[in-house]
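Let me begin by presenting the structure, written as structure tokens, before commenting on it.
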Amino acid sequence: MHRFLLAVLRRDLTLAARRRGDWLIAQFFFVMVASLFPLGVGPEPEMLSRIGPGVLWVAATLASLLSLSRLFADDHRDGSLEHMILSPEPTVLLVLGKSLAHWLIYGIPLLLIAPVLGLQFNLPAQAILTLEVSLLLGTPILSLLGGVGAALTLGLRGGGVLLTLLILPLYIPALIFGAGAVDGAMAGTGSEAHLSLLGSFLVLSLMIAPWIAAAALRVSLE
Amino acid sequence: MPDEALLSVHDLACTRGERLLFKDMNFTVRSGELLLVQGGNGQGKTSLLRLLTGLARPDKGEVRWRGEVIQRQRDSYHAEMMYLGHANGVKEDLNPVENLRFAEGLQGRAFDEARATAMLERLGLARCLDLPCRVLSFGQRRRVALAALLMATAKLWILDEPLTGLDVHAVALMEQLIRDHLAGGGLAVATTHQTLNLDGMPVQRLLVGKVAIPEMA
């Protein structure tokens with residue numbers, strides 16, 4: 001069972017390493033979106049640190065969508081998805097492995113870039129730390145829920161746009177608690193409550209999302 | 001047990017959209033036997049094979065393996081069955097050995113690199129072992145997929161047009177592989193438009209579709 005999970009993980013990471021351009025796009029997108037806001041709303045430090053947490057969180061959710069549409073699509077096209085589903089191992093594990101690989105490829109680099117962008121928005125050190133913790137808890141949620149959307153829209157024409165419309169509403173709780181945690185840290189009201197809620201949302205997605213995505217995959221392939 | 005009926009289909013019906021492809025289909029495939037599914041394009045051969053793999057669910061009827069409905073024993077059925085579809089399931093960015101490594105990992109088995117290399121060499125890919133599959137020809141990628149099929153040592157092979165894109169040598173090799181598989185007590189269900197030369201191995205023919213097309217008659 002763990003061998004299957006490891007094989008899925010290793011496979012997706014190897015493929016990502018062979019095609020660096022694909023996942024760098026999401027990171028560049030993250031940086032670009034976050035950098036456009038100071039240009040648009042003006043350079044006042046108070047204004048920037050006021051909108052910073054929200055902007056960074058929105059940019060992170062959009063960046064995750066960019067890479068999600070291909071989570072299953074590439075494997076579907078070359079037939080390897082069918083082989084993976086016909087494996088004796090449960091499809092849930094496949095989805096879990098692929099979501100985890102997606103998070104490692106897209107989430108971890110995002111965590112590394114976020115502090116730099118936080119400085120750009122004039123966030124204090126404490127807020128940047130909270131931002132990192134909130135992204136650490138929040139980005140896996142985006143990968144897990146995104147897996148459901150990617151499975152549901154598999155093989156549909158214009159699936160990418162549909163995926164966006166389908167999944168963005170599901171991201172709202174993560175966005176509210178994530179950005180709220182950073183706001184709380186800056187306002188001095190504490191961020192524990194928001195982070196706890198974000199953590200419980202992560203546990204909830206971890207328990208439910210892979211099952212829904214696995215069922216959606218089977219339906220999409222029929 | 002050469003005569004054991006392992007795979008059986010009971011009153012199977014299949015519709016695609018509004019159209020009924022076939023209904024009341026019944027057959028059994030015994031150990032050591034090949035079922036050759038024939039019929040024109042769009043008559044439901046691939047749909048039938050997908051029903052047999054469990055990728056699609058039947059509208060009516062059931063597919064049984066060792067006497068039990070396949071949906072009720074998914075894991076053990078999948079462990080004994082290998083499917084080769086239209087798409088090869090070969091990753092273009094990986095080389096043939098890596099492809100086999102992941103195919104084995106996805107089946108939940110440990111990888112034996114020496115065996116994989118030997119298998120690929122047997123299929124005539126000795127010179128392509130470290131090339132990404134992107135640069136291989138269609139027929140060579142098909143051979144990689146066949147190597148993955150052989151690595152799995154499954155009891156039941158479900159092959160959708162296994163000869164597509166293969167040259168005469170590979171077709172002869174494929175016939176030999178099917179003969180070996182059947183002689184070893186395996187079962188195979190295959191569709192093909194080409195003629196398979198199987199030297200008296202037990203072959204059952206099944207015509208899918210309502211109308212027999214002229215070239216089959």
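Chain letters run A, B, ... following the sequence lines, proteins first and then strands; every chain starts at 1.
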* For residues B:L106 and A:A7, report the shortest heavy-atom separation together with the two atoms involved. => N-CB, 4.1 Å
* Asked: Tell me, side chain or backbone of A:R77 under 4.5 Å from chain B's heavy atoms, or both, or neither?
  -> backbone
* **From A:L15 atom CG to B:F102 atom CZ, the distance as rounded to the nearest 0.5 Å** => 7.0 Å
* Against chain A, label B:A110 side chain, backbone, both or neither, depending on which of its atoms sit under 4.5 Å from a heavy atom there. => both
* If you count heavy-atom pairs under 4.5 Å with chain A, which of B:R109, B:E104, B:R141 comes out on top? -> B:R109
* Can you tell me how far CD of B:Q107 sits from CE of A:M84, rounded to the nearest 0.5 angstrom? -> 11.5 Å
* To do: Would you please test A:T91 and B:R74 for side chain to side chain contact (heavy atoms under 4.5 Å, CB included) and show each step?
  => CA-CA 11 Å; A:T91 311; B:R74 176 189 176 274; 3.3 Å; yes
* Out of curiosity, B:M82 CE to A:H83 NE2, how far, rounded to the nearest 0.5 Å? -> 6.5 Å
* Could you have a look at A:E89, A:R11, A:R10 and say which one has the most heavy-atom pairs with chain B under 4.5 angstrom? => A:R11
* Asked: Highest number of heavy-atom pairs under 4.5 Å with chain A: which of B:H86, B:E80, B:E98?
  -> B:E98
* Asked: In Å, rounded to the nearest 0.5 Å, how long is the span from NZ of B:K91 to CG of A:D78?
  -> 3.5 Å
* Does any N or O in the side chain of A:R18 come within less than 3.5 Å of the main-chain N or O of B:D93, such that one atom is a donor and the other an acceptor? -> yes
Which atom pairs, one a donor and one an acceptor, fall under 3.5 Å between side chains of residues 47-54 of chain B and the rest of the protein, sequence neighbours left out?
| residue | atom | partner | partner atom | Å |
| --- | --- | --- | --- | --- |
| B:R50 | NH1 | A:E82 | OE2 | 2.5 |
| B:R50 | NH2 | A:L221 | O | 2.4 |
| B:T53 | OG1 | B:R50 | O | 2.8 |
| B:T53 | OG1 | B:L55 | N | 3.1 |

* Asked: Out of curiosity, B:M81 CE to A:L86 CG, how far, rounded to the nearest 0.5 Å?
  -> 4.5 Å
* Given that the side chain runs from C-beta out, which part of A:S220 has a heavy atom under 4.5 Å from chain B: side chain, backbone, both or neither? -> neither
